[in-house]
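First comes the structure, then the notes that go with it.
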Amino acid sequence: MTEMTRKPNNLIVFLLVLYLAGFAGWAQAGAGKSGWPIFQKVRGARFSSLAGIGQAADVLGNPALLGAVSQTSLAMISELGFAEDKFGGLLLAVPWPEDALAGGFVYYDAGPIELNWIEDGTLQTETVLADREVIALGSYGRRLAGNLWTGATLKFVQSELAERESAWAVAADAGAMWKPEAAWLVLAAVQNLGWSAKYLEAEIPLPGSVYLGSSYVFRLQDWQVLPGVGLAYNWVDETWFPEAGLEVRYKIASVNAGYRLNQEEAYLHFGAGLCWQNIEINYAYIPGMFLNASHRMSIAYRFGEPPAAPVLSLAPAVQPAALPVRTQTAKAEKTAPKPAPVRETPLPRIVSLKSKGARITVAWKPPQAEGPFTYNVYMSTSKTQPQKINVQPITKLSFSTKILRRKQTYYLSVTAVAGNGVESVKTKAQRIYLK
């Protein structure tokens, strides 16, 4: 094949550029001007307004969510379907008490396309990859105050069009994460601020956008309900994207759904997740209206001991104890029926409380009674209103907390839970100062 046969004329490549430039925007909003579809695919399998529960893949949408990652985590993300395109990537997140780092890469393949052109009176045909993009990224997050994190991400993208023309882009994200209370999270982000080279003479704008969202965790025993709302604005396409999602979690399993307005494709989201010890798997099914459905997956592995609780605490708010109601007369008190006796669960006994780095490890002996028992650990920065800090029931006789704030005094206590589900009272709170 000669060089002239190898290359179609520039008009074909130029038309293909215009097609791909509008393709990503059309999939997002019907008639978009922005391109670089890889920027709009860099996210995990969970719906965007449900982010912030300690998953490394969520950092791809907002770098401030590094504050919700309590363990060194390796996340893999992938997507198949849509228009025969493929997407995948790896992200490593490393947290510290006051800041955190993440880095990784993402690969996008827009799928094959057939090029046809007339050359020397002969029809020439060749199947090539329509677009192939690789992105390398690095993120940094830092705690500004006890409940406020900020972060920034720098992204470099290399793109090859029709295996002939190439271009590159540099973009940055900035974000903030604020936790007004234990179960309430507010997120804000600015995405894809940067510059891109031209394909031939065609300039493809980056899909710059701003995002504001919020979510709240409701918990009842082993059930957790997480509603979330969000609003994004793409200033290049001048389009608003309101969205709402809901996740229901029972112990280690969860299901979620989301809906996004002003999108012609990928506006519905159905997902499921499984979190067991240090492994978390999330899957999402995104039905297509005009194109094929997409299948998105993210798998994360957390190194070290399981975290006590993510920054967005799933622990229920502590309610004040109810005050006793006195009857009108002493006679009424005497005649009032006595409550049925409750079989109490015996207490465990704390035997050690040690600190190592920015973590605290508490160990205890089991109750002097027949088991089996599971255990819960409660912690606070004062002797009042302790909150449970383990996500799953503890089966061992020790527990290590997540990374904590130094120069702080903590109080820890332990309870035992019998096989019938009855939890003991808390042990006497033990005090420790984290240097």
Side-chain angles (χ1 to χ4, degrees), residues 38-39 41-48 50-79 87-107 134-144 147-156 171-179 185 187-191 211 213 215 273-282 284 296-314 357-359 391 400-405:
I38 192 171
F39 283 119
K41 287 182 172 289
V42 178
R43 57 184 181 272
R46 298 180 78 242
F47 195 65
S48 55
L50 304 177
I53 314 294
Q55 300 178 354
D58 293 337
V59 174
L60 296 169
N62 186 338
L65 285 172
L66 280 168
V69 179
S70 56
Q71 290 175 269
T72 297
S73 302
L74 181 64
M76 181 194 74
I77 56 176
S78 65
E79 180 179 309
F87 166 80
L90 285 175
L91 180 75
L92 178 67
V94 182
W96 283 282
E98 301 298 329
D99 50 12
L101 291 173
F105 71 92
V106 176
Y107 172 83
V134 179
I135 179 172
L137 59 92
S139 299
Y140 174 76
R142 182 167 182 80
R143 185 199 302 270
L144 294 185
N147 296 327
L148 177 63
W149 276 73
T150 60
T153 297
L154 183 63
K155 300 177 284 190
F156 178 82
D173 300 342
M177 178 184 72
W178 178 45
K179 185 165 68 74
L185 193 68
L187 300 174
V190 180
Q191 295 182 310
Y211 179 83
S215 59
L274 184 67
C275 182
W276 182 72
Q277 295 185 356
N278 281 7
I279 299 176
E280 183 165 3
I281 302 173
N282 285 281
R296 189 177 299 153
M297 180 170 287
S298 59
I299 302 174
Y301 180 79
R302 301 183 179 98
F303 298 90
E305 296 182 4
V311 170
L312 178 57
S313 174
L314 300 182
R359 300 178 186 268
V391 177
S400 294
T401 69
K402 67 181 179 70
I403 296 175
L404 301 174
R405 193 170 186 175

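Hydrogens, waters and symmetry mates play no part in the numbers below; they use all other heavy atoms, side chains included.
- Using modelled atom types, one side-chain atom of R359 and one backbone atom of T401 make a donor-acceptor pair closer than 3.5 Å.
- Ion pairing between a basic and an acidic side chain is recognised when a charged N comes within 4.0 Å of a carboxylate O; R46 and D58 show such pairing.
- E280 places no side-chain N or O within donor-acceptor distance of the main-chain N or O of A300, the cut-off being under 3.5 Å.
- The two residues D173 and Q191 make their nearest non-hydrogen contact at OD1-CA, 3.2 Å.
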- Begin from the C-alpha positions of M177 and L185 and carry the test side chain to side chain contact (heavy atoms under 4.5 Å, CB included) through to its verdict. CA-CA 7 Å; M177 178 184 72; L185 193 68; 3.4 Å; yes
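- No donor-acceptor pair closer than 3.5 Å links the side chain of E79 to the backbone N or O of G88.
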Mind listing the side-chain donor-acceptor pairs of residues 62-69 below 3.5 Å, one per line with the distance, residues two or more places apart or on another chain?
| residue | atom | partner | partner atom | Å |
| --- | --- | --- | --- | --- |
| N62 | OD1 | A64 | N | 3.0 |
| N62 | ND2 | A188 | O | 3.1 |

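- Shown here for F303 and N278, the closest heavy-atom pair between the two residues is C-ND2, 4.1 Å.
- Contact of the L74 side chain with the L91 side chain is not registered, since no non-hydrogen atoms from C-beta on lie closer than 4.5 Å.
- Within 6.0 Å of CH2 in W276 there are 12 or fewer heavy atoms belonging to other residues, nucleotides or ligands.
- The nearest pair of heavy atoms linking P95 to A100 is CA-CB, 3.7 Å.
- Evaluation of the side chain to side chain contact (heavy atoms under 4.5 Å, CB included) rule for F105 yields L90 as partners, not counting sequence neighbours.
- Between W178 and N147, the closest side-chain pair of non-hydrogen atoms falls below 4.5 Å.
- Applying the ring-ring contact (aromatic ring centres under 6.0 Å, His included) test to Y107 and every residue at least two apart in sequence or in another chain returns nothing.
- Scanning for side-chain hydrogen bond (donor to acceptor under 3.5 Å, both in side chains) contacts around T153 gives S139, with sequence neighbours left out.
- Annotation: side chain to side chain contact (heavy atoms under 4.5 Å, CB included) contacts of A358 (sequence neighbours excluded): P97, I403, R406.
- With sequence neighbours left out, F47 forms a ring-ring contact (aromatic ring centres under 6.0 Å, His included) with H269.
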